[in-house]
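First listed ligand is number 1; within each ligand, the first listed atom is number 1. Remember, it's a predicted structure, so these values are computed and weren't measured experimentally.
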Amino acid sequence: MSADTWFYTIDDRLYINLTDRCSLDCVFCPKTKGDYNLHQYNLSLDRLPKLAELLSAMPSLSGISEVVFCGFGEPTLRLNILLQLAQHIKQQSDIFIRLNTDGLGSLVNKRNIVPELSQCIDAVSVSMNAQNETVYAQHCRPAIEGSYIAMLDFLTQAKQSVLQVTATAINGLEGVDVNACRILAKQLGIKFRARELDVVG
Ligand code: SF4
């Protein structure tokens with residue numbers, strides 16, 4: 001049994017930490033400065049957990065209102081495990097499942113992953129992070145060219161599915177116009193939520 005934190009709780013939500021790897025290198029992220037701590041949890045992983053390990057270590061869902069795939073990493077980088085774990089949870093319970101994502105899962109996995117997510121995930125919270133590609137590049141430093149457009153395309157695809165979709169951006173970052181992000185989300189027909197730096201929800 002690993003000492004890594006694969007599952008953690010905040011209030012009555014159960015979070016699943018599948019990976020500490022990202023397709024972005026966000027300047028504002030504590031991880032970028034080497035800090036993997038969130039509340040009382042350290043979310044760095046010595047190794048990536050296997051599906052069987054996650055299934056056997058899964059805590060009880062009793063008293064849990066929502067399951068959230070979220071850590072200091074991008075869950076869709078481990079898409080197969082994400083989907084299988086979410087399907088397993090749905091087979092046991094009708095608990096609400098949310099994916100917090102950078103919205104680059106289709107780009108990275110080289111196919112539209114929204115239909116697969118729609119079968120076992122209820123909601124996606126997508127880090128829009130900026131009102132245009134230039135500001136996005138400044139703060140998120142994507143590894144793959146075309147990431148901003150791919151994120152917007154993911155939002156559009158998700159909006160057309162059964163998924164509940166919310167785009168987010170963080171208040172107070174230089175050059176980030178949260179109101180312009182809100183307007184962009186509205187144009188895409190999706191909800192928007194302004195976040196505060198270092199607050200996970
Ligand atoms: S995508 Fe999230 S976890 Fe990854 S570097 Fe950016 S803020 Fe940090």
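Within the 2.8 Å limit, Cys29 places no N, O or S atom next to atom 6 (Fe) of ligand 1.
The backbone N or O of Ser127 lies less than 3.5 Å from no partner atom in the side chain of Asp102, so there is not a single donor-acceptor pair.
Rounded to the nearest 0.5 Å, atoms CG (Leu45) and CG (Asn17) are 4.5 Å apart. To the nearest 0.5 angstrom, Ile121 atom CD1 is 11.0 Å from Ser161 atom OG.
Within 6.0 Å of NZ in Lys110 there are 12 or fewer heavy atoms belonging to other residues, nucleotides or ligands.
Ring orientation note: the planes of Tyr41 and Tyr8 are tilted relative to one another, at an angle of 30° to 60°.
Residue Cys22 has at least one heavy-atom neighbour below 4.0 Å for each of these atoms of ligand 1: 1 (S), 3 (S), 4 (Fe), 5 (S). Close approach of ligand 1 to Leu24 is summarised as follows: ligand atoms under 4.0 Å from at least one heavy atom of the residue are 5 (S). The contact set between ligand 1 and Phe72, taken as ligand atoms under 4.0 Å from a residue heavy atom, comprises 3 (S). Counting atoms of ligand 1 from 1 in the listed order, those under 4.0 Å from a heavy atom of Gly73 are 3 (S).
Nearest heavy atom pair, residue Leu173 against residue His139, reads CB-CE1, 3.8 Å.
Between Pro142, Cys26, Cys70, Gly71, it is Cys26 that holds the heavy atom closest to atom 5 (S) of ligand 1.
Under the 4.0 angstrom criterion, atom 2 (Fe) of ligand 1 counts as lacking any protein heavy-atom contact.
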